[in-house]
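Take a look at the structure below.
Proteins come first, then strands; the chains are lettered A, B, ... in the order of their sequence lines, and each starts at number 1.
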Amino acid sequence: MKIATWNVNSMNVRQGHVIEWLQAHEPDVLVLQEIKQLTEKFPADALGEIGYESLASGQKTYNGVAVVSRAPATDPVTDFPAFDDPQRRVLATTIDGIRIVNLYVPNGSEVGSEKYDYKLRWLASLRDFLAAELEAHENLVVLGDFNIAPADADVYDPEKWGDAILCSPREREALGKLFDLGLTDVFRKFEHAEGTFSWWDYRAAGFRRNAGLRIDLILTSDIMTKRCTASYVDKEPRAWERPSDHAPVVAEFTV
DNA sequence: ATGGTTGGGCGCCAA
């Protein structure tokens, strides 16, 4: 079982990349963030032609999430029960007996800003939502663009980045509360080269300098952690022509 | 190189 996450930064622009990547890697599940299109605009037909089913929760211009899978996705949830939010950032669904929670965590813009406050409130609601999901589903995988680098090892220049957005103590504390629920950042169960990241800023030649962060995460419940045999970043698509600023992150599991 | 690039959609906002 191969499960992957990719912030595509517009499905309109990246549809070709997604299809090419699916055909090359044949994951069982690929979750997408920032599709930036209405649900009905998601290219389910094109993905169907290469053998994938689709489920999307979109909106115009910003945000939007989708799940692409070989097997049908059932029991979708698109909102936290106690958090009224027009922004489409959540898509939880069950595939092959595994509960998949696809997240596009708010960026937060700047520490102390209104958007930062929204990010922290959103993360608090996420914690409550995931506590309930863990109660209901022992096979749980929570993945997506978390917009939080868990530790200094996930930042190209932690001294320079400091406590700025994506690394601030309150964000990392909110992420820590997800670990406290019993979720594991499964990428760190395996060996990786130093400087392995999942996002590189378009600006200032971020990718060429490997000036990146690891902010796209796969969190697993205990049973799924034990079943995980590999987790890695595929940075290849970041070097393709007109790329997303994020690379796909993958986790593989025993059946 | 402490800057600048991309996407959406048409003037800037978001990342």
Taking only N and O in the side chain of A/Lys36, is any of them less than 4.0 Å away from OP1 or OP2 of B/dT6? no
Nearest-angstrom distance from the residue atom [atom1] of [X] to [atom2] of [N]:
| X | N | atom1 | atom2 | result |
| --- | --- | --- | --- | --- |
| A/Arg88 | B/dG8 | CZ | C1' | 19 Å |
| A/Asp145 | B/dA15 | CG | P | 10 Å |
| A/Arg242 | B/dT5 | CZ | C1' | 12 Å |
| A/Lys41 | B/dG8 | NZ | P | 13 Å |
| A/Tyr202 | B/dG7 | OH | C1' | 8 Å |
| A/Glu110 | B/dA14 | CD | C1' | 13 Å |
| A/Glu159 | B/dT2 | CD | P | 17 Å |
| A/His17 | B/dG7 | NE2 | P | 10 Å |

Can you tell me which residue among A/Asp152, A/Asp145, A/Asp185 is in a salt bridge (charged side-chain N to carboxylate O under 4.0 Å, His left out) with A/Arg214? A/Asp185
Among [options], which is the nearest nucleotide to the side chain of [X]?
| X | options | result |
| --- | --- | --- |
| A/Lys115 | B/dG8, B/dA15, B/dT6 | B/dA15 |
| A/Lys160 | B/dG4, B/dG8, B/dT2 | B/dT2 |
| A/Thr61 | B/dG9, B/dG3, B/dA15 | B/dG9 |
| A/Asn107 | B/dT5, B/dG8, B/dA15 | B/dA15 |

Output the distance between atom CZ (A/Phe146) and atom NZ (A/Lys119), rounded to the nearest 0.5 Å. 11.5 Å
Looking for any heavy atom pair under 4.0 Å, which part of the strands does A/Phe207 touch: base, sugar-phosphate only, or nothing? nothing
Look at all strands and tell whether A/Arg209 reaches a base, only sugar-phosphate, or nothing, counting heavy atoms closer than 4.0 Å. nothing
Between [N] and [M], how far apart are the two [atom1] atoms, rounded to whole Å?
| N | M | atom1 | result |
| --- | --- | --- | --- |
| B/dG11 | B/dA1 | C1' | 29 Å |
| B/dG9 | B/dA15 | P | 15 Å |
| B/dA14 | B/dG4 | C1' | 15 Å |

Criterion side-chain contact (heavy atoms from CB on, under 4.5 Å) against A/Ile3, the qualifying member of A/Asp96, A/Ile100, A/Leu30, A/Val31: A/Ile100
Let me know, please, whether A/Glu34 or A/Arg203 comes out on the 5' side of the other along DNA chain B by nearest nucleotide. A/Arg203
A/Asp201 or A/Gln87, whichever maps to the more 5' nucleotide of DNA chain B: A/Asp201
Within 45° of the six-membered ring axis of A/Phe83 and under 6.0 Å from that ring's centre, is NZ or CZ of A/Arg121 located there? no
Can you confirm whether the side chains of A/Tyr104 and A/Gln87 place a donor and an acceptor under 3.5 Å from each other? no
